[in-house]
Student: 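The structure's right below; bear with me while I get my questions together.
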Amino acid sequence: MRRLAAAAATVAVLTLAACSGGSTDDDDGTAAPGGGAETDTIVVGFSQVGSESGWRAANTKSIQDTLTAENGFELKFSDAQQKQENQIQAIRSYIAQGVDVIAFSPVVQSGWDGVLEEARDAGIPVVLTDRAVDSTDETLYESFIGSDFVLEGEMMGEWVSENLATEPIKVVELQGTTGSAPAIDRKTGFETATADNPNVEIIASQTGNFTRTEGKQVMEGFLQAHSDIDVVYAHNDDMGLGAIEAIEAAGMVPGVDIKIVTIDAVKDGMQALVDGKINYIVECNPLLGPDLADIIKAVVAGEPVEKRIVVKDEAFDQAAATVALPDREY
Ligand code: GZL
């Protein structure tokens, strides 16, 4: 795919030609091999974190259901299995293929400047979804669409402080992937919101890497080390569901003997909330596909886009979850 640098006045036409599905005319004006009619298909290279959680599955489905041929896209999709080196390799592959736009959810927030500079130097715009990078150079990406993870942590901390910490409580924290924006920010937000309540004591904090299996394993360790745990704060539903298994295996009642609060609001988490095994969930909406499609089309058309688009999140107690669960899309 040739990348065309174009004067502003003609960018729409040249961009359109550059966005065909590889069937643009070659330099002498003859049709490129396999070229048929010019199309305005936008070729998108997407690097996904992995398939670690119910949230990620819903996020992937939203992107794949939206960036379709009938919606004007050719989607090249890769699963990085939660490894940054796999994402960097995928992004370099998309650069080599000359895609029109690169989009990705950075598994961790650091270490991206090099490959993003390569994309910029190749004239390929980048859109961040879900998770942020900590780069200070905002020319490295066109837009970042995702939830406010600090706010999610604050919402959780405020609810715990008001509803559970009316007396001293000992909290254990199941952190998300080390170095990821949601893990860093959800921890920060929770600590900020509970800092002025002396009843809240975080006695242990460890990553469960956003997976149910690792959440269960870490919770088993917490239970062996501490006999006085009152609350589990899990950075996502999947780790909270793993904690439920560990608590039940220890002969205790989750949601009663040990309270559990989580973030995401995927169906399995919401069901556990309805069942009383989880006590409160702050939502993190994974359905980013439609907005991502709109941003990509605006970028390709040379239209201005917001540098930061914040996805709105709700929160659910048991009563609200009982009402919402039947109609949940994810
Ligand atoms: C949040 C997202 C997190 C979810 C987890 O936007 O990056 O990653 O909270 C997922 O369930 O694994």
Side-chain angles (χ1 to χ4, degrees), residues 46-63 79-84 86-87 103-110 112 127-134 143-156 173-190 206-216 218 232-244 260-273 278 280-292 308-316 328-330:
F46 190 94
S47 170
Q48 181 59 292
V49 165
S51 50
E52 73 281 3
S53 62
W55 189 98
R56 190 63 55 196
N59 178 246
T60 290
K61 184 176 187 309
S62 177
I63 290 160
D79 173 335
Q81 296 164 347
Q82 290 190 283
K83 291 182 174 62
Q84 182 174 30
N86 290 346
Q87 288 199 287
F104 76 115
S105 171
V107 60
V108 293
Q109 62 183 21
S110 302
W112 300 101
V127 177
L128 302 179
T129 75
D130 169 28
R131 298 183 184 178
V133 298
D134 62 5
S143 184
F144 163 43
I145 176 171
S147 293
D148 179 339
F149 303 133
V150 173
L151 176 61
E152 290 171 349
E154 289 171 344
M155 288 165 69
M156 186 59 79
E173 181 180 27
L174 294 169
Q175 292 186 42
T177 301
T178 302
S180 68
I184 293 167
D185 290 352
R186 287 171 182 169
K187 181 172 181 52
T188 300
F190 185 89
Q206 187 178 333
T207 184
N209 208 22
F210 283 132
T211 71
R212 194 178 296 207
T213 301
E214 292 168 87
K216 179 181 179 183
V218 172
V232 178
Y233 168 40
H235 288 184
N236 80 331
D237 292 355
D238 287 70
M239 293 189 291
L241 293 164
I244 287 171
I260 301 176
V261 295
T262 68
I263 297 177
D264 273 352
V266 296
K267 276 186 181 154
D268 287 350
M270 293 287 271
Q271 186 61 63
L273 177 52
I278 289 179
Y280 193 70
I281 300 182
V282 170
E283 180 187 48
C284 179
N285 191 324
L287 305 182
L288 305 182
D291 285 338
L292 175 61
R308 175 72 173 98
I309 298 170
V310 178
V311 175
K312 295 286 177 281
D313 295 322
E314 295 183 70
F316 299 90
R328 291 291 284 175
E329 282 187 68
Y330 60 91

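Both counts, for ligands and for their atoms, begin at 1 and track the order of listing.
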Student: With a 3.5 Å cut-off and no angle check, do the side chains of Asp238 and Thr211 form a donor-acceptor pair?
Tutor: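 There is no such pair between these side chains.
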Student: Is Arg131 close to ligand 1, meaning an N/O of one under 3.5 Å from an N/O of the other?
Tutor: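 Yes: some nitrogen or oxygen of Arg131 is under 3.5 Å from one in ligand 1.
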Student: Pull out every atom of ligand 1 sitting under 4.0 Å from any heavy atom of Cys284, numbered as shown with elements.
Tutor: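 Those atoms are 1 (C), 6 (O).
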Student: Just heavy atoms, cut-off under 4.0 Å: does Glu152 contact ligand 1 by side chain, backbone, both, or neither?
Tutor: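 For Glu152, there is no contact with ligand 1 at all, from either part.
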Student: Measure from NZ or CZ of Arg328 to the centre of the six-membered ring of Tyr330 and say whether it is under 6.0 Å with the direction within 45° of the ring axis.
Tutor: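 Because its charged atom sits under 6.0 Å from the ring centre and within 45° of the axis, Arg328 does stack over Tyr330.
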Student: What I want to check is whether the side chains of Gln82 and Thr177 have a donor and an acceptor closer together than 3.5 Å.
Tutor: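 Judged by distance alone, the side chains do pair up.
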Student: I'd like to check whether Asp238 has a polar contact with ligand 1, where a contact means an N/O of the residue lying under 3.5 Å from an N/O of the ligand.
Tutor: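 Asp238 vs ligand 1: no N/O contact under 3.5 Å.
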Student: Less than 4.5 Å apart, side chain to side chain, heavy atoms only: is that true for Phe190 and Glu154?
Tutor: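 Answer no - side chains too far apart.
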Student: With no hydrogens and no angle check, just 3.5 Å: does a side-chain donor-acceptor pair link Gln175 and Asn209?
Tutor: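 No.
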Student: Short list, please: which atoms of ligand 1 are under 4.0 Å from a heavy atom of Ser53?
Tutor: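 Every atom of ligand 1 under 4.0 Å from some heavy atom of Ser53: 5 (C), 10 (C), 11 (O), 12 (O).
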Student: Got the closest protein heavy atom to atom 11 (O) of ligand 1, with its distance?
Tutor: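 Nearest protein contact, heavy atoms only, for atom 11 (O) of ligand 1 is Asp264 OD2, 2.6 Å.
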Student: Any non-hydrogen side-chain atom of Asp130 less than 4.5 Å from a side-chain atom of Arg56?
Tutor: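 Sidechains of Arg56 and Asp130: in contact.
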Student: In the protein, which heavy atom is nearest to atom 6 (O) of ligand 1, and how far is it?
Tutor: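 So the nearest neighbour among protein heavy atoms is Asp130 OD1, 2.3 Å.
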Student: Should you measure from each heavy atom of Glu52, which atoms of ligand 1 turn up under 4.0 Å away?
Tutor: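 Those qualifying, in numeric order: 8 (O), 10 (C), 12 (O).
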Student: Relative to the heavy atoms of Phe149, which atoms of ligand 1 are at a distance of less than 4.0 Å?
Tutor: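 Ligand 1 atoms under the 4.0 Å threshold to Phe149: 1 (C), 6 (O).
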Student: Roughly how far, to the nearest 0.5 Å, is the SG atom of Cys284 from the CD atom of Glu152?
Tutor: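 So the CD of Glu152 and the SG of Cys284 are separated by 4.0 Å.
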Student: N/O to N/O below 3.5 Å, does that happen between Asn236 and ligand 1?
Tutor: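 Such a contact does occur with ligand 1.
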